[in-house]
Amino acid sequence: KNITFSDEFNKLMADGNMFRGDYEGAFVTSIYSAKLPIAYFGKGYDNCFTVVHEFGHYMNEVYSAGIYDDTDYSQSYDLLEMHSQGNELLYLCYLKENSNFSEVAIDLIETYTLVNMLYPVLAGMTIDTFEQAIYLGTYDGLGADVIMADGKITSDEYHALYEYICQDFGGADLLSGYWEYGMTITSACYYISYSVSALSVVQLYDVANTQGFDAAKDAYLKLFTYVDELTEEKPNMTMEETLQYAGMLSFMNEELYISMNEYFLEK
């Protein structure tokens, strides 16, 4: 199936399946009984990059969620988040090549977008360290002599524990209090998923700037449009297999960090 993003975006706007309301946040889901993917944007969440982010999820619902052909196509949360984060990076590359913004404005947008992409990497890692400490009841990082003085971590020490972890990661000013967000309580490992996806997908920006926008777009589309050429079915591939098919490196591959470090050092 060929995908034309502009056509699908126009459908999203025209068909009445883009909702707005007072609830804070933005998300995409599907009404499976009606075979209808929908996008929601709360107040303040309808800025261009948030719309682009959610549209990445929306396109996956259109193509891979199985709402039209009733297939059960399982995808990891890490891969699902690559669809949205990757779309943001492609949009940034598109703006740099096709907008009439001044060079100063483009530099500001680029810096904001890349910092915003690396923020969940740091946040996810600190939350993951926090969750492991709580669930395992052990901690040996910064301030361990204080937190573990009585041999256990009590609930009244949670905030102090997270503050120490943030200091250890060098993000004390940026991430203070992040553990209090609801997902930490209701969905363990939720935030580390954002780290995994962001680390893997940020290479699209490297590809776009070194090999060209079309190469990055081709890799991005392969993250959710893979169909087995022999069976013509969408297989339940692991994230590693999907990345390999797209010609991208996994967050577990050291070469990813080496190549990205080289690219940004040159910048």
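Taking the side chain as every heavy atom from C-beta outward, I153 and M148 approach each other to under 4.5 Å. Looking only at side-chain heavy atoms (C-beta outward), F213 and K217 come within less than 4.5 Å of each other. The side-chain heavy atoms of I192 and I127, taken from C-beta on, include no pair separated by under 4.5 Å. Using a 4.5 Å heavy-atom threshold, the side chains of L199 and Y257 count as touching. Residues L223 and L243 meet the side-chain proximity criterion, which asks for heavy atoms closer than 4.5 Å.
Atom CD of residue E163 and atom OG1 of residue T126 lie 10.5 Å apart, to the nearest 0.5 angstrom. Residue K96 holds its NZ atom at 10.0 Å from OG1 of T113, rounded to the nearest 0.5 Å. Expressed to the nearest 0.5 Å, how far CG of N87 lies from CG of L92 amounts to 11.5 Å. One distance of note links CD of E88 with CG of L204; it measures 12.0 Å at 0.5 Å rounding. Remark: L249 CG to E240 CD distance equals 10.0 Å, nearest 0.5 Å. Distance OG1/T29 to OH/Y40: 13.5 Å, rounded to 0.5 Å.
Side-chain contact check for D78 and S193: at least one donor-acceptor pair (N or O, by modelled atom type) lies under 3.5 Å. For E81 and S84, the side-chain atoms include at least one donor-acceptor pair closer than 3.5 Å. Side-chain polar atoms of N253 and S250 form no donor-acceptor pair below 3.5 angstrom.
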Enumerate, atom names and distances included, each donor-acceptor pair closer than 3.5 Å involving a side-chain atom of residues 102-109, sequence neighbours excluded.
| from | atom 1 | to | atom 2 | distance (Å) |
| --- | --- | --- | --- | --- |
| S102 | OG | A105 | N | 3.1 |

Contacts table for residues 18-28: side-chain donor-acceptor under 3.5 angstrom, sequence neighbours left out:
| from | atom 1 | to | atom 2 | distance (Å) |
| --- | --- | --- | --- | --- |
| R20 | NH1 | D46 | OD2 | 3.3 |
| D22 | OD1 | K43 | NZ | 3.2 |

Tabulate below the donor-acceptor pairs under 3.5 Å that side-chain atoms of residues 128-143 make, not counting sequence neighbours, or state none.
| from | atom 1 | to | atom 2 | distance (Å) |
| --- | --- | --- | --- | --- |
| D128 | OD2 | Q132 | NE2 | 2.8 |
| T129 | OG1 | M125 | O | 2.9 |
| E131 | OE1 | C189 | N | 3.1 |
| Y139 | OH | L142 | N | 3.1 |
| Y139 | OH | L142 | O | 2.7 |

Candidate pair F251 and M239, rule side-chain contact (heavy atoms from CB on, under 4.5 Å), full reasoning: CA-CA 11 Å; F251 76 99; M239 191 182 77; 4.0 Å; yes
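For the ring-ring contact (aromatic ring centres under 6.0 Å, His included) test, residues two or more places apart in sequence or in another chain that qualify with Y119 are Y178. Listed by chain and number, the residues in a salt bridge (Lys or Arg N to Asp or Glu O under 4.0 Å) with D218 are K222 (sequence neighbours excluded). Among residues two or more places apart in sequence or in another chain, the ring-ring contact (aromatic ring centres under 6.0 Å, His included) test is passed with F49 by Y91.
Linking Ile, Leu, Val, Met, Phe, Trp and Tyr whenever their side-chain heavy atoms come within less than 4.5 Å puts W179 and L161 in one cluster. Grouping the Ile, Leu, Val, Met, Phe, Trp and Tyr side chains by contacts below 4.5 angstrom, directly or via other members, places Y112 apart from V201. If you chain together hydrophobic residues whose side chains sit under 4.5 Å apart, Y190 and V121 fall into the same group. Cluster annotation: M260 and I258 are assigned to distinct hydrophobic clusters (Ile/Leu/Val/Met/Phe/Trp/Tyr, side-chain heavy-atom contacts under 4.5 Å, transitive). By the criterion of side-chain heavy atoms lying less than 4.5 angstrom apart, applied directly or through intervening Ile, Leu, Val, Met, Phe, Trp or Tyr residues, M82 is grouped together with M252 in one hydrophobic cluster.
Nearest heavy-atom pair across L122 and G171 is CD2-CA, 4.1 Å. The shortest non-hydrogen separation linking S259 to D206 is O-OD2, 3.9 Å.
Among E61, H57, M59, the single residue meeting the side chain to side chain contact (heavy atoms under 4.5 Å, CB included) criterion with P37 is E61.
A 6.0 Å sphere centred on CD of E241 holds more than 12 heavy atoms belonging to other residues, nucleotides or ligands. For F169, the CZ atom counts as densely surrounded, since its 6.0 Å shell holds more than 12 non-hydrogen atoms of other residues, nucleotides or ligands.
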